[in-house]
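Source: prediction; values computed, not measured.
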Amino acid sequence: MEIYFTDHELTKPYTCGKMIEDFTMDELKNLMPELTEEEKTSPFASYFYEKMADLDEEQEEGAQRPPLHPDQCYMPEEIGNIILDRKDGTEECPSIGYGVMDNGVGYAAMKIVLPGITDEMVKKYREEFAHTEDNRNVFYKVWFPGNHYLHCENGVVEDFGWGPLRCEMNWELFRFKHIGITREEIAQRDPECISFLGLAGDAVELREPDAKPWPMFMVSYTRLTESGREMLVHYWKGIQVNDDGTITLRVSEDREDTLKKMKIMMMHCMLEYMNEGRLIREFWNKSGDK
């Protein structure tokens, strides 16, 4: 496992405390995204019914653009340098977009601008928001109401927008070699970077009885800006990450389905992190600590 963190505060989901393999497939299929009667008693339940954050203007424009051409999509080994080179004002690929490469790999790039977010706000949200032992899943459900079901220590049940998935989230597999850089060069090339990490694992469609697992890979990068923070997130569908720093392609033959799902995943990611920013600000403003 390789992760890059600095001493700045970062969010961390409050989980159910169990591993994803602790649940049978039948148990996962019977989960509901709505609050249970017990969860409705949480003092944080009201957040579940609030309006989600909107996309910003750049995200809205990115969502309206046609899919990226295959040569505008990038494999993981190229993306580390592309991300770290952004600080000089040049971008080799769009910050927001989705597409399918010639090799069948699905790709999506997301940019999330979070103005006004400070270390103090993040720390309070991470340590106090919805941290009720009897309602451990409220935190995750409130993050994206109706689409977040369950957050485990190493996976989630989540609906990107076409049905619930059992998604593994394996931290151990990621190496910076996967994205073409070393951990040591991050601070030198971008001193404002405060987090750089990757997650990988198989996803399974819970509503399809004969569904085959498909691999997903996510890279998340966060840096400080003059106004707050900025996140860049990249998704790949059809890439299996191996612990020796290599990747294996396991792509779908249905390119149209992959393209459709990559746009849905792009939209979901931007919405959930924009909403997380809203929750951080709102909780801080209500707390009286500001």
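For Glu39, the side-chain contact (heavy atoms from CB on, under 4.5 Å) test picks out Leu35, Thr36, Asn135, Asn137, Val138, Lys141, with sequence neighbours left out. In this structure, Glu272 has no salt bridge (charged side-chain N to carboxylate O under 4.0 Å, His left out) partners at least two apart in sequence or on a different chain. Residues satisfying the side-chain contact (heavy atoms from CB on, under 4.5 Å) criterion with Asp254, sequence neighbours excluded, are Ser252, Glu256, Asp257. With sequence neighbours left out, His69 forms a ring-ring contact (aromatic ring centres under 6.0 Å, His included) with no residue at all. Taking the side chain to side chain donor-acceptor pair (under 3.5 Å) definition, one finds that Tyr14 meets it with Glu133, Arg136, sequence neighbours left out. Shown here are the side-chain contact (heavy atoms from CB on, under 4.5 Å) partners of Asp26, two or more places apart in sequence or in another chain: Thr24, Lys29.
Cation-pi check for Lys260 over Trp162 is not met; the charged atom does not lie both under 6.0 angstrom from the ring centroid and within 45 degrees of its normal.
By the 30° and 60° cut-offs, the orientation of the rings of Trp236 relative to Tyr107 is tilted. Classified by interplanar angle (parallel below 30°, tilted 30° to 60°, perpendicular above 60°), the ring pair His268/Phe144 is parallel.
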Any chance you could lay out the side chain to side chain contact (heavy atoms under 4.5 Å, CB included) test for Glu158 and Tyr149, step after step, and finish with the verdict?
CA-CA 6 Å; Glu158 180 171 7; Tyr149 290 62; 5.8 Å; no
Quick one: do Cys16 and Leu150 satisfy side chain to side chain contact (heavy atoms under 4.5 Å, CB included)? Show the steps, please.
CA-CA 7 Å; Cys16 70; Leu150 176 72; 4.0 Å; yes
Could you walk me through whether Tyr47 and Tyr49 satisfy the ring pair (Phe, Tyr, Trp, His ring centres under 6.0 Å) test, starting with their C-alpha distance in whole Å, then the side-chain angles of each, then the deciding distance to 0.1 Å, before giving a yes or no?
CA-CA 5 Å; Tyr47 288 89; Tyr49 304 100; over 10 Å; no
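A donor-acceptor pair under 3.5 Å links the side-chain atoms of Gln59 to the main chain of Lys111, judged by distance alone. For the pair Arg223 (side chain) and Ser195 (backbone), a donor-acceptor distance under 3.5 Å is absent.
For an aromatic pair to be called close, the ring centres must be under 6.0 Å apart, and Phe129 with Phe44 satisfies this.
Remark: Asp243 does not engage Arg175 in a salt bridge, criterion side-chain N to carboxylate O under 4.0 Å.
With no hydrogens or angles considered, a side-chain donor-acceptor pair links Glu21 and Asn154 at under 3.5 Å.
Interatomic distance, Met75 CE to Ile239 CD1, rounded to the nearest 0.5 Å: 4.0 Å.
Across Lys237, Arg250, Arg166, a single residue satisfies salt bridge (Lys or Arg N to Asp or Glu O under 4.0 Å) together with Asp202, and that is Arg250.
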